[in-house]
Amino acid sequence: MSNIDKATVAKIARLARIKTEEDKLEPLAGELNNILGWVEQLSEVNTDNIEPMASVVDAKLRWRTDEVTDGAKANSVLKNAPKPEYGFFAVPKVIE
Amino acid sequence: MSDYRIQGATGDWEVVIGLEVHAQVISNAKLFSGASTEFGAEPNAQVSLVDAAMPGMLPTINGECVRQAVRTGLALGAQINKYSVFDRKNYFYADLPQGYQISQFKHPIVGPGIVTLDLDGGRTKKVGVERIHLEQDAGKSMHDQHPQFTYVDLNRSGVALMEIVSDPDMRSPEEAGAYLTKLRTILRYIGSCDGNMEQGSMRADVNVSVRKVGDPLGTRCEIKNVNSIRFVRQAIEIEASRQVDIIEAGGTIDQETRLFDPVKGETRSMRSKEEAHDYRYFPDPDLLPLEFDDAFIDAARESLPELPDDKKARFINEYGLNDYNASVLVAEKDQSDYFVSLVSALATATKKSESDVAVKASNWLTGDLFGALNKANKSIDETPVSAEQGAELLALVEDGTISGRIAKDVFEIMFDTGKGAASIVEEKGLKQVSDTGEIEKIIDEVIAANPNQLEQYRGGKDKLIGFFVGQVMKATGGKANPGMVNQLLKPKLDG
Amino acid sequence: MTDLTKLKIAEARDMLAKGELTSRELTEAHIGAVDAMKSLNAYIVTTPDIALAQADAADAQIKAGNQKAMTGIPIGIKDLFATKGIHTQACSKILDGFKPEYESTVTQNLWDDGAVMLGKLNMDEFAMGSSNETSFYGPVKNPWRATGSNSDFVPGGSSGGSVASVAGFAAMGATASDTGGSIRQPAAFTGTFGIKPTYGRCSRYGMVAFASSLDQAGTITRDVRDGAIMLESISGFDPKDSTSVDIAVPNFEAALTGDIRGMKIGIPREYRLDGMPAEIEELWQKGIAWMKDAGAEIVDISLPHTKYALPTYYIVAPAEASSNLARYDGVKYGHRNIGDGGGLDDMYYATRGEGFGDEVKRRIMIGTYVLSAGYYDAYYLKAQKVRQLIADDFKQAFGQVDAILTPTAPSAAFAFGEKSDDPLAMYLNDVFTVPASLAGLPGSSVPAGLSADGLPLGLQVLGKAWDEETVLKVSGVIEQAAAFTAQPQEWWR
Ligand SMILES: [Mg+2]
Ligand SMILES: [Zn+2]
């Protein structure tokens, strides 16, 4: 099923926003094929009529009440920012 | 309105439109954090560490947002799903701090429903709603503050949105506009969204394709984030023409997202095909499936006010209003609420039934009050004349204390000063003169003062009676009871 | 006085209560031990000033008669747990310089119970690894060496710093986390007791996420009783975590009755692997014999989908990780590299390309791939279905038995570099621990013997959901029977 080539690795790396040098693509393709080839043994398992696991705990989602209990901490929010400016996070311009 | 067609070189084209509306849920706190949703705070002042996606921070859901989505679904007569799932929609953007948006993909909270459009001439049209799902809003990027940097404010990050997805059932810019208008009316009625498009609490993604009548659906383009109904109409016109031109020139339409530029009057592509999104949706493992029972749905249903379509039908059937007035009154909940109070107060004041006074009340409201509010650029909730005051004024006309003509003057003073009608009438001595002797005396004076006209009248110029009525009214400052003037004047003129 | 670092938590607790010992004495001894084991690289940050201040506060508390479960006990914290104002980086370069403005619930529980923090412990980057070799701060050395050898072994992973600090007497206990075996496997490699509770027992709030549906906090201690004490301290419902379950935390220490008579212990036949070293099989047989001697009934059980647990895990965990790690983008905190093009995307590529290590990048890529259009059903959805089957296997088995006994790992600790070039060989380390992680079940690793080379080996006890008490009780019986008294030579001193 899986046959990951250099171009696919490059595409995945782009989706994941991970800079990957050209000479790393081929070895990575090999590694990923190895791993994915191995996980493909799952196709042996009959999963007809099996629902995918929705959650590992047998519990219901709890709801919060609609109260403002947080916020008003811009300093904390920005404390670790590489480039905080005028209360904003500054990032390089988006180039469309 | 005839069918909307684009006349191309090769014939007539039909436009197919579907809308995805993002409506900000009215709630105090965000969908998955306790930070405030209030508009207009200092940058990053309404951000929790969850909204800023700090490592190890986890989402917890605000039950009110769930309730509002369910109420919205119920108001659209939609299927409510007692089991729904939050998924992660993965993509990178500066104002998306988690690197994914928590949304609902495979299992939305609300399934199919319907919006009934009110079109010209009292026509209606049903447009399908495919689904409503709950999701987080992103933050805000400001690109124009610095030459090299974009500034990011996360105040909106995590605010609850309902994405309301229509079926591709609309066929003209007008229908799209009517859909948005009606949807906004309903959301405001039930209080699940304030519908404010200027502040961005309601935005539309517009899906447009064209086809020859009877052909299968064409390839669509999605115009993102259009923020007024007028722009939605314009964007559809422009985009549909663009597509027709391309196809007629032998080209094909690329499915893509586009941006509407109202200044240049064009739509343009947002990103290249190569960058096509792959959102990698999967269930958010930080959350469990969202579940509720029938009792919760029933309680949500109980909490709904009368909806605009029902209200309009009631105004027509019970109050005898015409379709136009009923439509105008139900378009905003505040207006219809005002109307209901007005009718009730007027019925009490005049000791008549509501159905007897409703038409008069609706005429005054849609004519006089709305006209004045319009001129003053005010909305109904800013009116200086309350429903009780309006009823007081109309009651004075009803019982003959003042004439309809005087009522207009009194209303003007009321609108300017906020004073009550009775006190204005009292103060200015505007009470209608209904004393037979007094009116007869004035009539005699008027006749005596205008012998020429009397002669002409008696010579056959019947129409001059209007002149005499006018003179009498003028002499009484408009206060004479016009019915009595007519009644008394004629015998005297006829001699 | 004897070497205070050799005390167990329960012993120190009782001595503190009697006034035979102060937390300051205990803490100073441990600060010395922490300094002395620098060459093991178990601690990446030490916090002696905080430790001493907490120790003095603890002594005051004890004087005032307010001793709690962990009062005055010096412990280490895995770098995965957010500690307010203190280095928290999951041992990744991408969180360079990050000091959270918040405290994880697990550590807050410990501080509320009076514990003393010695520092932050090394780990595999984002807990992705089984040997602690993927840490940005370099590997941790196992305090244990093979008999007569001077070469170093891996401590296991990802909680490598946690086990090394406890095995090497530089912490009385340590927090740890388990996604696919990151508590149990390193415990087995270092002769320590590791326990991972039921998923939902400990809050994940403030724990740097690897794979949200699998991550669960736990503890490393030198014996079972200490594990019971510390686990109880970190456990409990937390409304800030939607997957935390509102179930009362029992008195875990009270579960250690030593009485397992009549209990049914399951031995899953699928855990008998081809090519498994004989000494592992022997250890397992010993464990079975101990159970019988203690009056338990041995039941052969089948967990038919065991074989598929690892491949399932290596789809689910990377998929969740690829999304969980998307937040590390150079915008809000941590490492930022502006890149060459000057645009936002350039920053993303450069920051993430440079900030993540190879194993993390590999898993992000696998996760991205298995979720991507056209592959989701074949990989991710399939894996979540098989995961359900694996959970159902356990449910069925626990209809027949009270606990399950298996080896913890298929081998003893291995040498550095031995498996780091072969991801698949490394992944196989978790073959016995991953199934219970997928099912969210509690499990422990108890030191049970030594390999022929003189390295520790562990037995794994698995229990029903929310039945940590049985896991602890059975673990205690193994501990008694094994009488594991071996200690590493303190060659680093
Ligand atoms: Mg959209
Ligand atoms: Zn949306």
Side-chain angles (χ1 to χ4, degrees), chain B residues 32-34 44 47-63 85-102 105-106 139 141 143 147-154 157 271 275-290, chain C residues 80-82 88-90 92 95 98 100-102 104-105 126 203-209 211-215 238-244 316 319-320 322-329 331-334 338 342-345 347-348 352 367-376 380-381 384:
Chain B
F32 293 116
S33 87
N44 290 305
V47 180
S48 80
L49 300 174
V50 178
D51 308 320
M54 293 286 160
M57 291 298 99
L58 298 168
T60 53
I61 195 165
N62 182 344
V85 175
F86 285 100
D87 296 285
R88 291 185 184 177
K89 179 181 184 180
N90 295 282
Y91 64 97
F92 286 90
Y93 200 70
D95 53 26
L96 189 72
Q98 295 166 134
Y100 54 84
Q101 175 195 34
I102 305 178
F105 185 54
K106 271 193 193 159
S141 293
H143 304 295
Q148 280 100 43
F149 288 95
T150 292
Y151 286 160
V152 180
D153 173 13
L154 299 180
S157 167
R271 44 193 116 230
E275 264 290 320
H277 273 158
D278 185 345
Y279 290 124
R280 291 157 284 138
Y281 281 101
F282 75 108
D284 190 332
D286 285 333
L287 294 162
L288 304 171
L290 176 63
Chain C
L80 196 76
F81 295 91
T88 300
Q89 300 183 19
S92 178
L95 270 166
F98 183 65
E101 292 283 297
Y102 49 95
S104 81
T105 299
F126 283 108
S203 171
R204 293 186 297 113
Y205 179 86
M207 217 172 118
V208 178
S212 309
S213 75
L214 294 150
D215 296 345
D238 181 5
K240 295 200 286 273
D241 173 1
S242 294
T243 61
S244 164
V316 174
E320 293 182 10
S322 71
S323 176
N324 281 335
L325 271 57
R327 66 187 55 198
Y328 305 107
D329 57 5
V331 175
K332 304 153 304 260
Y333 40 73
I338 265 329
L344 179 66
D345 265 336
M347 181 184 82
Y348 288 154
R352 292 167 60 81
T368 303
Y369 183 72
V370 299
L371 289 176
S372 64
Y375 298 98
Y376 178 87
Y380 185 78
L381 199 63
Q384 287 290 32

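Note that the structure is a prediction, hence the values are computed from the model and not measured. Letters A, B, ... are given to chains in the order of the sequence lines, protein chains preceding strands, and every chain is numbered from 1.
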Heavy-atom donor-acceptor pair, [X] side chain to [Y] backbone, under 3.5 Å:
{"X": "C:R327", "Y": "B:M54", "answer": "yes"}
{"X": "C:K332", "Y": "B:A53", "answer": "no"}
{"X": "C:S242", "Y": "B:L58", "answer": "no"}

Contact summary for [X] and [Y], nearest pair of heavy atoms:
{"X": "B:P55", "Y": "C:Y102", "answer": "O-OH, 2.5 Å"}
{"X": "B:Y100", "Y": "C:S323", "answer": "CD2-OG, 3.3 Å"}
{"X": "C:T243", "Y": "B:P285", "answer": "CG2-O, 3.8 Å"}
{"X": "B:D278", "Y": "C:S372", "answer": "OD2-CB, 3.2 Å"}
{"X": "B:A94", "Y": "C:Y348", "answer": "N-OH, 3.1 Å"}

For [X], is it the side chain, the backbone, both or neither that has a heavy atom under 4.5 Å from a heavy atom of chain C?
{"X": "B:A52", "answer": "backbone"}
{"X": "B:N90", "answer": "side chain"}
{"X": "B:Y281", "answer": "backbone"}

Pick one of side chain, backbone, both or neither for [X], based on which atoms fall under 4.5 Å of a heavy atom in chain B.
{"X": "C:A90", "result": "neither"}
{"X": "C:L80", "result": "neither"}
{"X": "C:Y328", "result": "side chain"}
{"X": "C:V331", "result": "side chain"}
{"X": "C:D215", "result": "neither"}
{"X": "C:T368", "result": "both"}
{"X": "C:A373", "result": "both"}

For chain B, which candidate among C:R352, C:M347, C:Q384 shows the most heavy-atom pairs at distances under 4.5 Å?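 Most heavy-atom pairs under 4.5 Å with chain B: C:R352.
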[atom1]-[atom2] distance between [X] and [Y], expressed to the nearest 0.5 angstrom:
{"X": "C:L371", "Y": "B:Y279", "atom1": "CG", "atom2": "OH", "answer": "15.5 Å"}
{"X": "C:D345", "Y": "B:Y93", "atom1": "CG", "atom2": "OH", "answer": "9.5 Å"}
{"X": "B:D286", "Y": "C:S212", "atom1": "CG", "atom2": "OG", "answer": "4.0 Å"}

What residues, two or more places apart in sequence or in another chain, satisfy salt bridge (charged side-chain N to carboxylate O under 4.0 Å, His left out) together with B:D284?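 For B:D284 the salt bridge (charged side-chain N to carboxylate O under 4.0 Å, His left out) partners, ignoring immediate neighbours, are B:R88.
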Please name all residues satisfying ring-ring contact (aromatic ring centres under 6.0 Å, His included) with C:Y380, sequence neighbours left out, ordered by chain then number.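 Testing C:Y380 for ring-ring contact (aromatic ring centres under 6.0 Å, His included), a comparison that skips the adjacent residues, returns B:F282, C:Y376.
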